[in-house]
Amino acid sequence: MASSLSKSDKKKVLDFAAWSFNITTSVGIIMVNKALMATHGFSFATTLTGLHFVTTTLMTIVFRWLGLSQPSHLPLPDLIKFVIFSNLSIVGMNVSLMWNSVGFYQIAKLCMIPASCLLEVVFDHVHYSRDTKLSIMVVLIGVAVCTVTDVSVNAKGLAAAAIAVWSTALQQYYVHFLQRKYSLNSFNLLGHTAPAQAGSLLLVGPFVDFLLTGKRVDHFGFTSIALFFLTLSCVIAIGVNLSQFICIGRFSAVSFQVLGHMKTVLVLSLGFLFFGKEGLNFQVVLGMILAVVGMIWYGNASAKPGGKERRSVLPVRSEKPSGALDEKDGSEK
């Protein structure tokens, strides 16, 4: 009994550490990128993401050299599908933000939760309890209330949003799927995907950014401060990419999306704290409170027996490289 409690306590500590790692790095990179893009004019988001994966690739190489991550196998077709989903997600979100109003862009981001739920129901036969479904609704309503303002829709913007939503949902589902199917931990999976994403995004990124901004990245006038923020963004991105894989691997894409909206609340709060209280009103405060209540409710509801059940078990490869870092401990949520 004691050992069981000890294992349960250990899982809770590791779960909290994983979420804290993801929230801290995600909020940090948003603040740094806001300074880099808004203050110093580096508006090349797709190219920047490619640079983020370059530093992440260097991290995986260093970890493998130190023996902290062992060689593993990921079939090329699965790698190609993952890179396609991931890059479509990145480009789709950037294009959606350009072609849509901010309000509709936020609605599209909220649609990722129902899309992720549908993927889990269809492919993994996951069953959600009534409380779990209601808690997700409360989170969606809360985030919508505090972020959605003007809403205007056009055909090309709607198409970009649809591509962004489904590619992001598929990418996050695939992270969990590949880790289970091939017994890969986050370091192994990043070791396969980061180099491919770095290369592909650095190839297409400058063209996409020129389409979106009308500016060429090779004509950007770097200053020492801009270089500092660019380097800092790339360093923090290592933690963002790694923590995303750890969280989705430990939990699921849906839990990552639902609880991940804590980052939205924190970014809004920090924005009001550091950049002025313009836009802060009762509606925004009410929305943030609803979102936090919904997240707490979701955490409790999904953890209860029957709150979220997987009714089919995906076969996994039994072999696991010896000596490899393994951040998985306990069942998913």
Trainee: Please name all residues satisfying side-chain hydrogen bond (donor to acceptor under 3.5 Å, both in side chains) with Lys133, sequence neighbours left out, ordered by chain then number.
Mentor: none

Trainee: Can any side-chain N or O of Ser96 pair as donor or acceptor with the backbone N or O of Ala160 at less than 3.5 Å?
Mentor: no

Trainee: Does Ala45 offer a backbone N or O that forms a donor-acceptor pair with the side chain of Thr49 under 3.5 Å?
Mentor: yes

Trainee: May I have the step-by-step check of ring-ring contact (aromatic ring centres under 6.0 Å, His included) for Phe187 and Phe245, ending in yes or no?
Mentor: CA-CA 8 Å; Phe187 300 93; Phe245 280 28; over 10 Å; no

Trainee: Between Arg180 and Asp124, is there a side-chain N and carboxylate O pair less than 4.0 Å apart?
Mentor: yes

Trainee: Using a 3.5 Å distance criterion without hydrogens, assess whether the side chain of Thr132 forms a donor-acceptor pair with backbone atoms of Tyr128.
Mentor: no

Trainee: Among Ile107, Val145, Leu110, Val258, find the one that has a side chain to side chain contact (heavy atoms under 4.5 Å, CB included) with Leu140.
Mentor: Leu110

Trainee: To the nearest 0.5 Å, what is the distance between OG1 on Thr46 and CG on Asn94?
Mentor: 4.0 Å

Trainee: Given 3.5 Å as the limit, does a donor-acceptor pair link the side chain of Ser167 with the main chain of Ser89, or not?
Mentor: yes

Trainee: For Val32, which residues count as a side chain to side chain contact (heavy atoms under 4.5 Å, CB included) partner, sequence neighbours excluded?
Mentor: Phe229, Leu232, Ser233, Ile236

Trainee: Do Tyr298 and Asp131 have a side chain donor and acceptor closer than 3.5 Å?
Mentor: no

Trainee: Please report whether the ring centroid of Tyr173 lies less than 6.0 Å from that of Phe123.
Mentor: yes

Trainee: Do the side-chain N and O atoms of Thr57 and Thr60 include a donor-acceptor pair separated by under 3.5 angstrom?
Mentor: no

Trainee: Apply side chain to side chain contact (heavy atoms under 4.5 Å, CB included) to the pair Leu88 and Ile163, showing each step before the final yes or no.
Mentor: CA-CA 7 Å; Leu88 277 177; Ile163 292 172; 4.3 Å; yes

Trainee: Using 0.5 Å steps for rounding, measure from the CG atom of Leu230 to the NE2 atom of His52.
Mentor: 7.0 Å

Trainee: For Phe53, which residues count as a ring pair (Phe, Tyr, Trp, His ring centres under 6.0 Å) partner, sequence neighbours excluded?
Mentor: none

Trainee: To the nearest 0.5 Å, how far apart are CD in Gln197 and CG in Leu190?
Mentor: 8.5 Å

Trainee: With a cut-off of 6.0 Å (strictly less than), are more than 12 heavy atoms of other residues, nucleotides or ligands near CZ of Phe222?
Mentor: yes

Trainee: Indicate yes or no: does Asp209 engage Lys215 in a salt bridge with an N to O separation below 4.0 Å.
Mentor: no

Trainee: Can you tell me how far the CZ atom of Phe85 sits from the CG atom of Leu170, to the nearest 0.5 Å?
Mentor: 4.5 Å

Trainee: To the closest 0.5 Å, what do you measure between CG (Leu48) and CG (Leu36)?
Mentor: 6.0 Å

Trainee: Can a donor-acceptor pair be found, under 3.5 Å and without considering hydrogens, that links the side chain of His176 to the backbone of Ala253?
Mentor: no

Trainee: First locate atom CE of Met31, then atom CG of Asn33, and finally report the distance between them rounded to the nearest 0.5 Å.
Mentor: 11.0 Å

Trainee: Classify the ring geometry of Phe82 against Tyr174: parallel below 30°, tilted from 30° to 60°, perpendicular beyond 60°.
Mentor: parallel

Trainee: Does Ser255 reach the main-chain N or O of Phe251 with its side chain, forming a donor-acceptor pair under 3.5 Å?
Mentor: no

Trainee: Between Asn22 (side chain) and Ala18 (backbone), is there a donor-acceptor pair under 3.5 Å?
Mentor: no

Trainee: Does the separation of the ring centres of Phe210 and Phe207 fall below 6.0 angstrom?
Mentor: no

